[in-house]
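Encoded as structure tokens, the structure appears first; notes follow it.
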Amino acid sequence: MDHQEEQMTGMRFLFVTVLNLLITAAEIVGGLLSGSLALLSDAFHNLGDSLSIVLGYVAQRISGKPQNRQRTFGYRRAEILAAFVNGLFLIGVSIVLMVEAARRFAKPEPINGDIMLIVAVIGLAANLLSAVLMHHGSKDSLNIKATYLHVLADALSSVAVIIGGILIVLFDITWVDPLLTLLVSFYIIYETWPVIHETVQILMQTAPKLDYDQIAADIVEIPGVLRVHHIHAWLIDENKIVFSAHVNMKDVKLSEVEKTVAQISSMLTERYHICHVTIQPEVHHGETDALFVDKDKV
């Protein structure tokens, strides 16, 4: 992300945060006055979103810091950690809402549908604006995607509250309030789980989805290379792949080895979009080892 794009993203984060705080204040007042669980719970959800958006913005700024002696791969994982925390928070809030909704089914409470409807319409307009602002960049960053899902879920929650308000005003169906709360909570969990799953995979250094047999075959095709073994691959974030391998080569001058390693690195970067390549050249060491090993050999 270039400096200009980073500034624009920062402005979006700031605007969306302020907007969410305003929505939160309006929905807390509206929820208390109307007695609507869906509206009040959405208010606390928005409050959590505001905190999550701030966390996401801070993480994005941290991730842009250059690598150093303590962080030799830089700070890219900061965004992954923020996305993971955001996702966990969303699921936690959803579970709390479902429990409260179940309680409301057992013990219904009176609701002022007019107040509920007016505040929900205001909340929908603000959430849709926030979602539009955060949609840009949500495909390229898990952190921005997690934030985008926050505000999108809020927008859908506002739609549910509007529907509930209309039904309560027209037909006095108060049980629709906890029902919609349950539906929105299930949707939030459904949308958030893939983000958590992907962030966990990255944090656990799960290998990216690459054709490793083909990679080995492509490396062996390079002149001077005899065999490939002991492959490792992992993700710094959702886009940056790190790759290392031991490569058996002909017993030639070190200057020739450097040329071969450069060819391997160039091929992996261009063909497989790997951003960081480490090749350990060998002659006979490890020539009987498998492509992947269970335990490093000293």
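The figures here come from the full heavy-atom set of this structure, side chains too, leaving out hydrogens, waters and symmetry mates. Quick caveat: nothing in here was measured; it's all calculated off a predicted structure.
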Minimum-distance pair of heavy atoms, taken over all atoms of [X] and [Y]:
X	Y	value
A216	L291	CB-CD1, 3.8 Å
V283	N248	O-ND2, 3.2 Å
L235	I202	O-CG2, 3.6 Å
V195	A83	CG1-O, 4.2 Å
T174	P108	OG1-CB, 4.4 Å
P66	Y75	O-CE1, 3.6 Å

When rounded to the nearest 0.5 angstrom, what distance separates [atom1] in [X] from [atom2] in [Y]?
X	Y	atom1	atom2	result
C275	I241	SG	CD1	7.5 Å
L179	L167	CG	CG	9.5 Å
I111	L33	CD1	CG	13.5 Å
F84	I196	CZ	CD1	6.5 Å
R71	R77	CZ	CZ	11.5 Å
D211	D213	CG	CG	6.0 Å

Just wondering, do [Y] and [X] contact through their side chains at under 4.5 Å, heavy atoms?
X	Y	value
L268	F243	yes
I163	V176	no
H230	H232	yes
R227	V247	no
M249	L226	no

* To do: For H229, check ring pair (Phe, Tyr, Trp, His ring centres under 6.0 Å) against everything at least two apart and list the hits.
  =>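 With neighbours one apart ignored, the set is H246.
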* What residue pairs, at least two apart or across chains, pass ring-ring contact (aromatic ring centres under 6.0 Å, His included) with a residue in residues 256-278? ->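 Qualifying pairs, neighbours excluded: F73-H276.
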* Could you name each residue pair satisfying ring-ring contact (aromatic ring centres under 6.0 Å, His included) that touches residues 157-183, not counting sequence neighbours? =>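 As it turns out, there is no ring-ring contact (aromatic ring centres under 6.0 Å, His included) pair with a partner in residues 157-183 once direct neighbours are skipped.
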* Asked: Does the side-chain contact (heavy atoms from CB on, under 4.5 Å) test come out yes or no for F186 and T181, once each step is laid out?
  -> CA-CA 9 Å; F186 279 122; T181 302; over 6 Å; no
* Steps toward side-chain contact (heavy atoms from CB on, under 4.5 Å) verdict (V277, I274) -> CA-CA 7 Å; V277 178; I274 295 172; 3.7 Å; yes
* Asked: Under 6.0 Å from the CZ atom of F105, do we count more than 12 heavy atoms belonging to anything else shown?
  ->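 Yes.
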In terms of hydrophobic clusters joined by side-chain contacts under 4.5 Å, are [X] and [Y] together?
X	Y	result
L183	V96	no
V29	I162	yes
L170	V161	yes

* **Residues forming a side chain to side chain contact (heavy atoms under 4.5 Å, CB included) with R104, sequence neighbours excluded** =>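 Here the qualifying residues are L37, E100, E109, D177, P178.
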* Asked: Considering the options I91, L88, N86, which one meets the side-chain contact (heavy atoms from CB on, under 4.5 Å) requirement together with T192?
  ->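 Among I91, L88, N86, the one meeting side-chain contact (heavy atoms from CB on, under 4.5 Å) with T192 is I91.
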Donor-acceptor list for residues 112-128 side chains, cut-off 3.5 Å, not counting sequence neighbours:
from, atom 1, to, atom 2, distance (Å)
N112, OD1, D114, N, 3.1
N112, OD1, I115, N, 3.2
N127, ND2, G123, O, 2.9
N127, ND2, D154, O, 3.4
N127, ND2, S158, OG, 3.2

* Asked: Distance-only, no hydrogens or angles: does the T278 side chain make a donor-acceptor pair with backbone N or O of S244 under 3.5 Å?
  ->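 Pair absent, no side-chain N/O of T278 close to backbone of S244.
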Taking only distance into account, with no hydrogens and no angle test, what donor-acceptor pairs under 3.5 Å do side-chain atoms of residues 250-266 form with protein atoms, sequence neighbours excluded?
from, atom 1, to, atom 2, distance (Å)
T260, OG1, E256, O, 3.2
S265, OG, V261, O, 3.1
S266, OG, E270, OE2, 3.2

